[in-house]
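Numbers here are sequence positions counted from 1.
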Amino acid sequence: MIEVLDTRFFIEHFFSSDPPVREATRNRIKELRRRKEGVVPLIVIAEFTDQACRFAGRREAEAKAEAIVESGLQIRPLDPTMAVAAGCLRCTNRHVPLADCIIATVADSLGGRVVSDDSHFKQLRGIRVSWL
């Protein structure tokens, strides 16, 4: 099954102080690359870079974002159809950030699930979610 990795996944992957969590994210990426089932929406790269800047500064954020891009996971841009669908999802779920609606729409359009511990995704009807 296609797994769409959320920003929270990469924050834990790069910045968790819990070694078993870092190992779990490394193993998940390895397995998703092997199966060719890992997807990263482009909005996740932007959101991750912004958040990583706060943790580690701009240079490290840029290096880690580039590592995601070069990871072998599929990077998905937002096309017009998904943009409209994400906007409609946000319209009916005002408490959910637009970036999360975009990520959920990508997962839904691919018949996959979002990999995140962000509670917003569980509030979106019909969106499958898993965590480590």
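Every residue was checked against the side chain to side chain donor-acceptor pair (under 3.5 Å) condition with Arg59, not counting sequence neighbours, and none meets it. Partners of His13 by side chain to side chain donor-acceptor pair (under 3.5 Å), not counting sequence neighbours, listed by chain and number: Thr25. Applying the side chain to side chain donor-acceptor pair (under 3.5 Å) criterion to Arg128, with sequence neighbours excluded, gives no partner residue. Asp50 pairs by the side chain to side chain donor-acceptor pair (under 3.5 Å) definition with Arg54, not counting sequence neighbours. For Arg94, the side-chain contact (heavy atoms from CB on, under 4.5 Å) test picks out Arg90, with sequence neighbours left out. Residues satisfying the salt bridge (charged side-chain N to carboxylate O under 4.0 Å, His left out) criterion with Glu12, sequence neighbours excluded, are Arg8. The salt bridge (charged side-chain N to carboxylate O under 4.0 Å, His left out) test applied to Glu23 returns no partner, not counting sequence neighbours. Listed by chain and residue number, Glu3, Glu31, Leu32, Glu37 satisfy the side-chain contact (heavy atoms from CB on, under 4.5 Å) test with Arg35 (two or more places apart in sequence, or in another chain).
The stretch residues 66-75 participates, sequence neighbours left out, in these side-chain hydrogen bond (donor to acceptor under 3.5 Å, both in side chains) pairs: Gln74-Arg76. Applying the ring pair (Phe, Tyr, Trp, His ring centres under 6.0 Å) definition to pairs two or more places apart or across chains, those involving residues 34-53 are Phe14-Phe48. Judged as a ring pair (Phe, Tyr, Trp, His ring centres under 6.0 Å), not a single pair has a partner in residues 96-132 (not counting sequence neighbours). Residue pairs meeting the ring pair (Phe, Tyr, Trp, His ring centres under 6.0 Å) criterion with at least one member in residues 53-102, sequence neighbours excluded, are Phe15-Phe55.
Under the 4.5 Å side-chain heavy-atom criterion for Ile, Leu, Val, Met, Phe, Trp and Tyr, Val84 and Met82 are members of distinct hydrophobic clusters. Using a 4.5 Å cut-off between side-chain heavy atoms of Ile, Leu, Val, Met, Phe, Trp and Tyr, with links allowed through other members, Ile11 and Leu42 fall into the same hydrophobic cluster.
Of all the heavy atoms in Ala107 and Val4, the pair that sits closest is CA-CG2, 3.5 Å. Between Ala85 and Thr105, the closest heavy-atom pair is CB-CG2, 3.7 Å. Of all the heavy atoms in Ala104 and Leu89, the pair that sits closest is CB-CD2, 4.0 Å. In terms of heavy-atom proximity, Ala86 sits nearest to Cys101 at O-CB, 3.7 Å. In this structure, Asp6 and Ser116 approach most closely via the heavy-atom pair OD2-OG, 2.6 Å.
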message = Is there a side-chain contact (heavy atoms from CB on, under 4.5 Å) between Ile45 and Ile68? Walk through the geometry before answering.
response = CA-CA 8 Å; Ile45 305 295; Ile68 296 169; 3.4 Å; yes
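Looking only at side-chain heavy atoms (C-beta outward), Val40 and Phe10 come within less than 4.5 Å of each other. Side-chain contact between Val114 and Ile127 is present, with heavy atoms from C-beta onward closer than 4.5 Å. You'll find the side chain of Arg125 stays beyond 4.5 Å of the side chain of Asn93, heavy atoms only. In this structure the side chain of Asp100 reaches within 4.5 angstrom of the side chain of Ile103, judged on heavy atoms. Two residues are said to be in side-chain contact when any heavy atoms from C-beta on lie closer than 4.5 Å; Arg28 and Leu132 meet this criterion.
Distance SG/Cys91 to CG/Leu98: 11.5 Å, rounded to 0.5 Å. Here the NZ-CD1 distance, from Lys36 to Ile2, works out to 11.5 Å after rounding to the nearest 0.5 Å. Note: Lys64 NZ to Glu60 CD = 4.0 Å, rounded to the nearest 0.5 Å. Atom OG1 of Thr7 is separated from atom CG of Asp118 by 9.0 Å, given to the nearest 0.5 angstrom.
Side chain of Arg33 to backbone of Gly38: no donor-acceptor contact under 3.5 angstrom is found.
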